[in-house]
Structure formats: structure tokens, C-alpha cells
Student: 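The structure's right below; bear with me while I get my questions together.
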Amino acid sequence: MTDLVTWAELGGALAAIGGAAYARQAHPAAYWSTVGLPLSVARLLASYSSTMDACGLTVAPSRWRVLAVKATTRREVRPVPPRRGMIRPTSTGLRLRLRLAPGQEPVDVAASAERLRHAWGVHAVYVRDVKPGVVELRLVGFDILRKVRMPRRIDAGLLQVPVALREDATALVRDYRAVPHQLVLGATLSGKSMFLRNVITGLANQPVVLVGIDCKRGVELAPFAPRLSALAIDPAQAAELLPTLVKEMEDRYDLIKARQGIAPGTPDEEITSDIWGLPEDERPAPIVLFIDEVAELFLIATRKEEERRDEMVTQLIRLAQLGRAAGIYLEVCGQRFGAELGKGATMLRAQLTGRVCHRVNDEASAKMALGDIAPEAVYAACAIAAELPGLAVVGDTSGGWSRIRTPHLSLADAAATCRETAHLAPDIPALTPFRPYVPPMPVKAPGPVATPHTVID
């Protein structure tokens, strides 16, 4: 009987271990909540002081502390680790704050992040500066970019769209007022279209004018036509649309100058205000211009096309340089974007503050996107595997960068959102000639009508 109980207990233990291993691989979030979280908390509490000492994050105790220890006990006076705050569990990891000792700085803690990861058995450790003398450790329990689940609560206002999940479990919010223009690069099937799809559907619910230039005959942006105020599907139509946007920008500058009493002859470059300083009833709606495969605007075959190309590039540069104050923002997408495209390409890229680089086919393409703002991020972009579409490296002119991944959004759901929000599109009379044709939804044929049967008693 004892042998039977022993074998039963052993079988149950093996089943539990196998179930935990399966859950860790197939359902990492559930595994973390049930198994990983208690183990990591136990490791952290048991080894906090020794881990901080091994990482060189301890300091000599104060004189009063030494006297108090010697007066009350006989134990050895040991170095003091940073004071630890309360541990706050999350659905993806842990958070805790550390009060740094005098002479320490956040860089010291960030340099030991990899050691802390191994010591406490988590997937990654990130350090954030909260205020002078206090840092926050964000421990991520599993690879959250393998299966993206956006946070439930995300604060987002006008022209702010949560589009992806960062590797530290926070949401990447595309804020057009903070980063007016952005460049999105990526090879075929890298997830670039998915990123653009999430941005458009996020803006579709806001009173924002959406304008598209898709030189692939509109195959990328045509599904969102009900919500678009203008759409150009080839370079010829783009050459007509861009001057209209430039004229709209100039009219908005005139509106700002008239409201503020600035002389009509004042150059646009000398105006430091923008449309957000206007009264709400006079403020024009912001415009977001999406350009898919921007290289198609630069490619030419004849001299006549070269003149048209130069005009379009000049207008794009003007929109990038002056459009922010007029409430016009650019989202430029492509596979490559460098000096080899032609005159004005480098100048236009310099105006695109935000950078998103998906998987690319060569290192030169990654350098085009990130090399001039965050050189160390180039290697991270080159390491993106083809099996992870939507994974990208995002950076800005401050030099900061991080890995992100866009959540999956089907084209049918995105198109349905644009159809449902078509009534939110602000009216811009100048863009009326460029409004795309939206075919009516097919009406399903009614099914056969059942013939009632008369029952005779």
C-alpha cells in the first residue's frame, strides 16, 4: 500500500512539473501569475542584500549606524544596500522603488540590470529615474513581445494613439504633438503595414483629418477610404494633392497671423505660435498625412518626371519644416530611405523626428533609420528575426530607443472601424476633389421566405 501511495505521489509531482513546463511555454502570463511571481518574490526578499553587495550597489554605513550596531549587537557592520520600497506585483512582472544612497546615481543601477535579472530569475530588468535619489525597477517576468497584450488602462488624448507594446511592458503612445513627424521603415512582411493600420484606426475615432498617399494603386490605404478625406494612388495624383496641402498650411498661417495681429508680410519661419493657441471655435482640425512607400515619389523615368519629383519633394520638405505649427503631421513609410533616392531625401529625413525600424534586409537600411539618432540601436534592429513580424526598434532624437511590437489587427476589423467612424471626418473644402470613392456595401439577398402551412383540425 505504501508503494502505491509513493508511486501516486511521484506521478502527481511529475504531472505538476509537466503542466508547469507546458504553461510556461504556451501560456506564459498564467505561469507567471501562479508560479513565476511567488518564486521571484521569494528570491528577491531572500537575496536582496547579498545581490546588491555583489553588484557593487552597497555603500559604507553612516557613523551613527556603526555606533548603534556596535552598541546593541556584536555582529559585523556590513555595507548598506539601497533602501527598498514596497514590491508591487503586476500581470507581467514586478515593480519596486529604490532610494539611492549618497554618491549613487541611476546609471549605477542600470549597469547592473543584467546581474539582477539572473539573480532574481526574471526575463528582464529595466530602470527608470523617478525623482532625484529614487529609481524604479521594472521586472518583466516573461517575454511579453512574443504574444502582445496591450495594457488595459492607457491614458491617451487628442492626437495620441497607443500603437505598440514596449519591451518593458509599457505602451508606446504615438503622440503627434510631441513627435510631429515620423519615419517607419521595414522590409516586406516585417509588420510595417500592421503598424500603420493601428495608427490609422486609433486616429479614426478622433476629430482628425486623415490624408493618404499610396503609390501602390491604393492597395494599402484603400480599405480605409471611408475615413480618409483625401487619397492619392499614384505620383500624378500626389503631385496635385501636395500643393493643396501646402496651400492649406499657408491659409492656416494667415489665420494665426490675423488672430494675433501679426503683419501679413511676416515670414512663416518667424512665427512661433501654432493653431493650438487659437480659440476652439476657430481652430482648424489637425491633418495627418500618411505616405506609404515613399520611394515611389522619388523614382523617375523621364526628365518630365524629374521636374515633378523635385516639386513634390520640395513640398514635402516644406510640410515637414513648417507643418507642425499649422497642425499638419507626417507619417512616412517605406522599405529604404536614403540619399540614393535622389535630391532632397536626406533633407526630408532630417525633419522626421520619430524613427521606427522593423526588420530590414541590410544593415545600411537600419543605419538610415537609426544611425543618426541612436547608433547602438542599429544592431538591435539588425537582430530582428523574420519569425517575429511587427517587432521593431523605436527611437527619437533624444538618443533613447527600445524594442516594441505591434498587436495584431486584421484588415477587416480596421476597415470596419473606418466605416463606423466615417462621420467623424472633419470637412476640409480644399480636399473635397481628392476624397476617395467609397463603393456601397453589398446588400445580402434575402433568404427564401417560409410558406405558412394551414393546420386543419
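Worth saying up front: this structure is predicted, and the values here are computed from it rather than measured.
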Student: Which heavy atom in A414 sits nearest to a heavy atom in F224, and how many Å separate them?
Tutor: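 So the two residues come closest at CB-CE2, 3.7 Å.
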Student: Quick one: does V161's side chain get under 4.5 Å of N198's, heavy atoms only?
Tutor: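 Answer no - side chains too far apart.
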Student: Would you name the heavy atoms of A392 and I384 that are closest together and state the gap between them?
Tutor: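 Smallest interatomic distance, heavy atoms only, reads CA-CD1, 3.8 Å.
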Student: Rounded to the nearest 0.5 Å, what's the gap from CZ on R95 to CG on L139? Could you check?
Tutor: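 That separation rounds to 11.5 Å.
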Student: Compare every heavy atom of Q160 with every heavy atom of G157, then report the nearest pair and how far apart it is.
Tutor: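 The pair with the smallest heavy-atom distance is N-OE1, 2.7 Å.
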Student: Just verifying a value: how many Å separate R97 CZ and R88 CZ, rounded to the nearest 0.5 Å?
Tutor: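 CZ of R88 is found 5.5 Å from CZ of R97.
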Student: For the backbone of L370 and the side chain of R355, can you confirm whether one donor and one acceptor N or O come within less than 3.5 Å of each other?
Tutor: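 The answer is no, because no donor-acceptor pair under 3.5 Å joins these two groups.
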Student: Looking at side-chain heavy atoms only, is the closest gap between W120 and L45 below 4.5 Å?
Tutor: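 The answer is no, as the side chains (C-beta and beyond) never meet within the 4.5 Å cut-off.
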Student: Between H181 and A320, is there a donor-acceptor pair closer than 3.5 Å when you use the side chain of the first and the backbone of the second?
Tutor: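 Yes: the side chain of H181 pairs with the backbone of A320.
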Student: Would you say the side chain of P286 lies within less than 4.5 Å of the side chain of L159, judging by non-hydrogen atoms?
Tutor: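 Heavy-atom side-chain distance check passes, below 4.5 Å.
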Student: Dump the intermediate steps for side chain to side chain contact (heavy atoms under 4.5 Å, CB included) on L44 and R84, then the final yes or no.
Tutor: CA-CA 11 Å; L44 193 153; R84 175 177 55 82; 3.9 Å; yes
Student: Would you say that D413 contacts T201 through its side chain, given a criterion of any heavy-atom pair below 4.5 Å between the two side chains?
Tutor: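 Heavy-atom side-chain distance check fails, nothing below 4.5 Å.
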Student: Write down the atom of L242, the atom of Q315, and the distance for their closest heavy-atom approach.
Tutor: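 That closest heavy-atom pairing would be CB-OE1, 3.3 Å.
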Student: To the nearest 0.5 angstrom, please state how far the SG atom of C333 sits from the CZ atom of F195.
Tutor: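 Taking SG in C333 and CZ in F195, the distance rounds to 8.0 Å.
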Student: Do L137 and V127 pass the side chain to side chain contact (heavy atoms under 4.5 Å, CB included) test, and can you show the C-alpha distance, the side-chain angles, and the key distance before you say yes or no?
Tutor: CA-CA 5 Å; L137 294 185; V127 181; 3.6 Å; yes
Student: With a 3.5 Å distance limit and no angle check, can you tell me whether D214 reaches the backbone of V219 through a side-chain donor-acceptor pair?
Tutor: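 Side chain of D214 to backbone of V219: a pair is present.
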Student: Is a side-chain donor or acceptor of Q104 paired with a backbone partner of A101 at a separation under 3.5 angstrom?
Tutor: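 Looks like yes, one N/O pair under 3.5 Å.
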Student: Is any side-chain heavy atom of T51 less than 4.5 Å from a side-chain heavy atom of L116?
Tutor: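 Yes. Closest side-chain heavy atoms under 4.5 Å.
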Student: Any side-chain heavy-atom pair from H358 and V184 closer than 4.5 angstrom?
Tutor: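 Counting from C-beta outward, H358 and V184 do come under 4.5 Å.
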Student: Counting distance only, does the side-chain N/O of R324 pair as donor-acceptor with the main-chain N or O of P180 below 3.5 Å?
Tutor: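 No, R324 side chain to P180 backbone: no donor-acceptor pair under 3.5 Å.
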Student: Hey, does the side chain of R359 reach the backbone of L391 with a donor-acceptor pair shorter than 3.5 angstrom?
Tutor: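 No.
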Student: Quick one: CG on D129 to CD on E105, what's the gap to the nearest 0.5 Å?
Tutor: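 These two atoms lie 10.0 Å from each other.
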Student: Test L278 against I256 for side chain to side chain contact (heavy atoms under 4.5 Å, CB included), laying out the working first.
Tutor: CA-CA 7 Å; L278 298 175; I256 296 173; 4.2 Å; yes
Student: Using the side-chain contact (heavy atoms from CB on, under 4.5 Å) rule, pick out the option among I233, L210, L196, I213 that qualifies with L221.
Tutor: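 Running side-chain contact (heavy atoms from CB on, under 4.5 Å) over I233, L210, L196, I213 with L221 returns exactly one hit, L196.
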Student: Could you tell me whether the side chain of R174 and the main chain of V179 form a donor-acceptor pair under 3.5 Å?
Tutor: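 Present.
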Student: I'd like to know if the side chain of S47 and the backbone of S50 have a donor-acceptor N/O pair within less than 3.5 Å.
Tutor: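 No; judged by distance alone, with no hydrogens or angles, the pair does not exist.
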Student: So, for A204 and R227, which heavy atoms are closest and what is the spacing to 0.1 Å?
Tutor: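 The pair with the smallest heavy-atom distance is O-NE, 3.0 Å.
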Student: Mark yes when over 12 heavy atoms from residues, nucleotides or ligands other than K216 sit less than 6.0 Å from its NZ; otherwise mark no.
Tutor: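 Buried by this count: over 12 neighbours within 6.0 Å.
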Student: Supply the atom-to-atom distance Y126 OH to R166 CZ, rounded to the nearest 0.5 angstrom.
Tutor: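 Spacing of OH (Y126) from CZ (R166) equals 11.0 Å.
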Student: Salt bridge or not for E280 and R283, using N-O below 4.0 Å?
Tutor: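 No salt bridge links E280 with R283.
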Student: Excluding sequence neighbours, so at least two apart, what forms side chain to side chain donor-acceptor pair (under 3.5 Å) with S365?
Tutor: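 Per chain and number, S365 pairs via side chain to side chain donor-acceptor pair (under 3.5 Å) with R336, D362.
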Student: Could you walk me through whether L431 and E248 pass the side chain to side chain contact (heavy atoms under 4.5 Å, CB included) test, one step at a time?
Tutor: CA-CA 9 Å; L431 298 179; E248 176 68 19; over 6 Å; no
Student: Thinking salt bridges, do E220 and K192 make one under a 4.0 Å N-O criterion?
Tutor: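 Salt bridge between E220 and K192, a charged N being under 4.0 Å from a carboxylate O: no.
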Student: Checking V313 now: which residues fulfil side chain to side chain contact (heavy atoms under 4.5 Å, CB included) with it, not counting sequence neighbours?
Tutor: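 F298, R309, I317.
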Student: Minimum heavy-atom separation for P226 and A422, please, with both atom names.
Tutor: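 Looks like O-CB, 3.3 Å.
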Student: Would you give me the side-chain donor-acceptor pairs under 3.5 Å for residues 287-296, sequence neighbours excluded?
Tutor:
{"from": "E293", "atom 1": "OE2", "to": "Q335", "atom 2": "NE2", "distance (Å)": "3.4"}

Student: How long is the gap from CG on L409 to CE on M194, to the nearest 0.5 Å?
Tutor: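 Nearest 0.5 Å value for the CG-CE distance: 6.5 Å.
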Student: Judged by modelled atom types alone, do T421 and N205 share a side-chain donor-acceptor pair under 3.5 Å?
Tutor: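 No, N205 and T421 have no side-chain donor paired with an acceptor closer than 3.5 Å.
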Student: Take atom CG in L39; do more than 12 heavy atoms of anything else shown fall under 6.0 Å from it?
Tutor: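 It does: L39 CG has more than 12 such atoms within range.
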Student: Determine whether V41 and P89 make a side-chain contact, defined as any pair of heavy atoms from C-beta on separated by less than 4.5 Å.
Tutor: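 No, their side chains stay 4.5 Å or more apart.
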Student: Are Q182 and L352 packed together at the side-chain level, in the sense that at least one heavy-atom pair is separated by less than 4.5 angstrom?
Tutor: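 No. Closest side-chain heavy atoms not under 4.5 Å.
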